[in-house]
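Heads up: the structure comes next, in structure tokens.
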Amino acid sequence: MELLKLKYVKFFKCHVSYLVSICVFLFVMVLIFRTLLLPSPFPFGRFKNNEFEWNHVRMKFLEVPQIVWGLNNQKIAFARACLTARMLNRSLLMPSLSASLFYKEIDRLEPISFDKVFNFERFNSLCDGFVRVSRYSDIGNRSNVIEVQKGSGRRWTLERDLDQLKEFSKKDYDAYETIRVVGKNPFLWHDHWPVSDYAKVFECLVLVDEISKEANEVVSKIREFGSEVKNGSSSYRTPYLAIHMRIEKDWMIHCKNRERRSNLTNICSSKEEITTRVANIPALKPPTTLYLAVANELLEDDSILNGWKEGMHPVDKKRLGFNEIYKNYSYLIQAAIDYEVCLKADVFVGNSYSTFSSLLVLERTQKIIKTGISHACGNNVRWPSYAYNIEGESGGPQLWMTNLSDSSLQAISYGSNSVSCRIV
Ligand SMILES: *[C@@H]1O[C@H](CO)[C@@H](O)[C@H](O)[C@H]1NC(C)=O
Ligand SMILES: *[C@@H]1O[C@H](CO)[C@@H](O)[C@H](O)[C@H]1NC(C)=O
Ligand SMILES: *[C@@H]1O[C@H](CO)[C@@H](O)[C@H](O)[C@H]1NC(C)=O
Ligand SMILES: *[C@@H]1O[C@H](CO)[C@@H](O)[C@H](O)[C@H]1NC(C)=O
Ligand SMILES: *[C@@H]1O[C@H](CO)[C@@H](O)[C@H](O)[C@H]1NC(C)=O
Ligand SMILES: *[C@@H]1O[C@H](CO)[C@@H](O)[C@H](O)[C@H]1NC(C)=O
């Protein structure tokens with residue numbers, strides 16, 4: 001009996017190892033054939049840049065010209081490039097942003113890589129399935145490129161631009177690994193997408209740690225200042241209003257010209273108008289901290305800290321002791337820090353003709369919607385925003401929310417005086 005069992009086990013073992021050998025042999029043969037037939041060591045795909053890529057889904061790319069101008073023009077241009085890539089079913093090759101304000105310093109464009117400002121991995125994980133950014137090192141064959149010239153001029157209409165995009169989404173162009181758009185920077189391209197698509201892209205733009213750390217530093221200094229000015233007895237935290245004051249010389253010249261051209265009178269606001277309207281915001285109880293987000297040239301002028309209503313305590317970067325650290329950064333990073341500080345404010349007050357203000361209100365509106373509020377913007381919403389250049393109730397600034405159902409970004413990229421106060 002024992003012997004029989006042993007024999008049986010022996011036979012079985014032998015049989016199993018025979019089977020295993022055959023399997024291993026077959027597997028090795030398959031691998032050898034695959035390797036000979038395909039440049040891939042894995043049966044169904046291959047690893048490339050730590051990503052497993054299925055053989056039948058080769059990644060294709062879109063390359064765009066350097067992105068220029070102000071921080072928020074650059075964000076809009078970037079989103080437009082992403083949405084173009086999405087339409088072409090391609091991944092956007094990480095574009096160069098510009099660290100300096102292009103229209104002031106043409107000779108010092110200072111390209112800065114996207115991932116020096118925004119977190120690359122976070123972007124792709126948050127926007128997964130919608131749009132995607134790739135590194136140049138992901139490209140397989142750098143000469144497999146087709147160049148596309150974006151049209152320009154009066155005769156290059158919205159329809160022609162859309163037709164061009166449709167043409168390049170066709171299968172015929174699948175053979176080209178990269179489509180390279182040449183010509184105008186993406187901010188100047190025609191717009192074919194609803195506000196909600198842009199909003200989705202903006203949501204995926206998270207600052208790199210180094211920059212968000214600096215922004216948090218400013219916010220905690222503002223909070224510290226707030227607890228110093230607070231009445232001893234009150235227990236709640238002093239709220240801070242961020243005011244994006246566009247009153248520097250360049251802006252005043254620009255906005256006066258615009259008022260003349262468009263026959264409007266409510267684009268420019270003087271400092272007096274801003275202080276009066278802010279003083280009249282109905283829902284605010286003193287004390288409050290006012291964070292004045294102003295152009296650098298105004299930091300030299302201490303008078304912007306004077307003239308505010310009693311109980312409203314103004315600070316700027318200089319008074320917070322942040323000016324020296326701030327000066328170390330390029331224009332783009334400075335603007336990104338200021339943007340973040342305004343985004344986190346309890347209340348934001350800006351100019352409806354400024355792209356910076358408009359994009360902030362868009363993001364703050366998204367924040368409000370996420371809390372479940374979807375209809376009105378009353379004085380009692382959390383994180384309210386106002387436009388100081390438009391008079392609202394009781395002589396205060398106009399409450400301001402972005403209409404996320406708008407069909408184009410026009411109002412946000414070029415400014416508007418119709419600041420919707422109802423989200424549909
Ligand atoms: C988009 O590209 C992916 C591969 O990159 C492919 O699987 C998919 O079928 C394409 N979709 C369209 C609509 O062409
Ligand atoms: C790269 O693309 C070019 C243009 O399509 C082609 O001529 C060339 O053979 C490709 N090189 C490789 C290694 O596939
Ligand atoms: C500008 O607007 C005013 C009223 O707001 C109007 O009376 C005037 O005719 C307009 N001028 C032009 C050139 O449109
Ligand atoms: C706090 O002080 C301000 C003046 O700075 C005053 O107007 C306000 O009534 C005070 N509030 C409380 C709760 O004491
Ligand atoms: C600014 O940068 C310089 C050189 O990069 C450095 O030595 C200095 O400590 C920085 N200043 C601040 C306030 O961070
Ligand atoms: C928001 O935009 C949509 C689409 O353009 C429009 O129908 C709606 O009236 C707008 N809502 C407000 C409050 O402006």
Side-chain angles (χ1 to χ4, degrees), residues 67-77 97-110 184-185 187-188 242-278 290-308 314 316-318 323 326-327 329-339 341-342 348-361 385-391 397-398 400 409-419:
I67 286 172
V68 298
W69 297 342
L71 167 73
N72 289 290
N73 296 335
Q74 294 193 38
K75 276 163 76 170
I76 290 171
L97 306 176
S98 302
S100 69
L101 262 177
F102 177 55
Y103 47 80
K104 281 189 181 162
E105 300 153 81
I106 294 172
D107 52 329
R108 294 196 294 142
L109 244 172
E110 292 180 41
K184 293 190 290 193
N185 95 75
F187 185 77
L188 295 175
I243 309 177
H244 177 225
M245 291 175 75
R246 302 269 357 225
I247 52 168
E248 70 275 18
K249 236 183 269 144
D250 288 13
W251 166 263
M252 281 314 204
I253 294 168
H254 165 77
C255 76
K256 290 283 178 211
N257 281 335
R258 263 188 87 166
E259 282 190 343
R260 242 193 324 276
R261 272 204 315 270
S262 53
N263 196 20
L264 288 169
T265 52
N266 62 1
I267 301 178
C268 311
S269 286
S270 61
K271 187 205 154 200
E272 287 64 37
E273 188 168 76
I274 299 172
T275 51
T276 308
R277 293 214 167 129
V278 167
L290 307 180
Y291 174 70
L292 309 180
V294 292
N296 288 349
E297 64 180 79
L298 292 171
L299 293 175
E300 306 308 323
D301 176 6
D302 286 333
S303 73
I304 64 156
L305 295 174
N306 304 329
W308 299 91
D316 57 16
K317 287 181 271 294
K318 202 170 162 193
N323 215 15
Y326 199 78
K327 276 183 187 155
Y329 290 107
S330 63
Y331 151 78
L332 189 72
I333 309 294
Q334 291 182 13
I337 295 171
D338 249 0
Y339 185 89
V341 174
C342 292
F348 173 72
V349 190
N351 186 307
S352 68
Y353 282 89
S354 144
T355 318
F356 185 97
S357 293
S358 301
L359 236 63
L360 266 164
V361 175
S385 303
Y386 297 86
Y388 59 64
N389 58 310
I390 303 170
E391 189 172 342
Q398 172 66 50
W400 180 10
L409 202 67
Q410 185 79 15
I412 284 170
S413 25
Y414 299 104
S416 155
N417 59 4
S418 83
V419 296

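Excluded from the calculations below are hydrogen atoms, water molecules and symmetry mates; all remaining heavy atoms, backbone and side chain alike, are included. These numbers were taken from a predicted model, which means no experiment stands behind them. Numbers for residues simply follow the sequence, beginning at 1.
- Without hydrogens or angle criteria, Tyr326 side chain to Gln334 main chain gives a donor-acceptor distance under 3.5 Å.
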Exercise for the section: Check the pair Ile76 / Trp69 against side-chain contact (heavy atoms from CB on, under 4.5 Å), numbers first and verdict last. Expected result: CA-CA 11 Å; Ile76 290 171; Trp69 297 342; over 6 Å; no

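- Here the side chain of Tyr329 pairs no donor or acceptor atom with the backbone of Ile337 at under 3.5 angstrom.
- A donor-acceptor pair under 3.5 Å links the side-chain atoms of Lys271 to the main chain of Ser303, judged by distance alone.
- Pro397 and Ala387 get closest at one heavy-atom pair: CB-O, 3.4 Å.
- Ile67 CD1 to Phe187 CZ: the interatomic distance, rounded to the nearest 0.5 Å, is 11.5 Å.
- Counting all heavy atoms, side chain and backbone alike, Val294 lies closest to Lys317 at O-NZ, 4.0 Å.
- Between the OG1 atom of Thr355 and the CG atom of Leu360 there is a distance of 11.0 Å, given to the nearest 0.5 Å.
- Arg260 contributes atom CZ, which lies 10.0 Å from atom SG of Cys255 (distance to the nearest 0.5 angstrom).
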Practice task
Could you walk me through whether Ile274 and Trp308 pass side-chain contact (heavy atoms from CB on, under 4.5 Å), step by step?
Solution key: CA-CA 9 Å; Ile274 299 172; Trp308 299 91; 4.2 Å; yes

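- Salt bridge status for Glu248 with Arg246: present, with a side-chain N to carboxylate O gap under 4.0 Å.
- Expressed to the nearest 0.5 Å, how far OG of Ser354 lies from CE of Met245 amounts to 13.0 Å.
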Exercise for the section: Please lay out, stage by stage, how Gln398 and Arg277 fare under the test side-chain contact (heavy atoms from CB on, under 4.5 Å). Expected result: CA-CA 9 Å; Gln398 172 66 50; Arg277 293 214 167 129; over 6 Å; no

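- The nearest pair of heavy atoms linking Trp251 to Asn351 is CZ2-ND2, 3.8 Å.
- Listed here is the closest heavy atom pair of Glu259 and Ile267: OE2-N, 2.9 Å.
- Using the six-membered ring where Trp is involved, Phe356 and His244 have ring planes that are tilted, between 30° and 60° apart.
- The two residues Met252 and Ile247 come nearest to each other via the heavy atoms CG-O, 3.8 Å.
- No donor-acceptor pair closer than 3.5 Å links the side chain of Glu110 to the backbone N or O of Ala99.
- Trp400 has its side chain out of reach of Ile390: every pair of non-hydrogen atoms, C-beta onward, lies at least 4.5 Å apart.
- With hydrogens and angles disregarded, no donor-acceptor distance shorter than 3.5 Å links the side chain of Tyr331 to the backbone of Ser98.
- Interatomic distance, Leu292 CG to Ile304 CD1, rounded to the nearest 0.5 Å: 5.0 Å.
- Donor-acceptor pairing under 3.5 Å is lacking for the side chains of Ser269 and Asn389.
- Between Tyr291 and Asp338, the closest side-chain pair of non-hydrogen atoms falls below 4.5 Å.
- Minimum heavy-atom separation, Ala293 to Cys342: CB-SG, 4.0 Å.
- Distance check: Arg258 CZ to Cys268 SG gives 9.5 Å after rounding to the nearest 0.5 Å.
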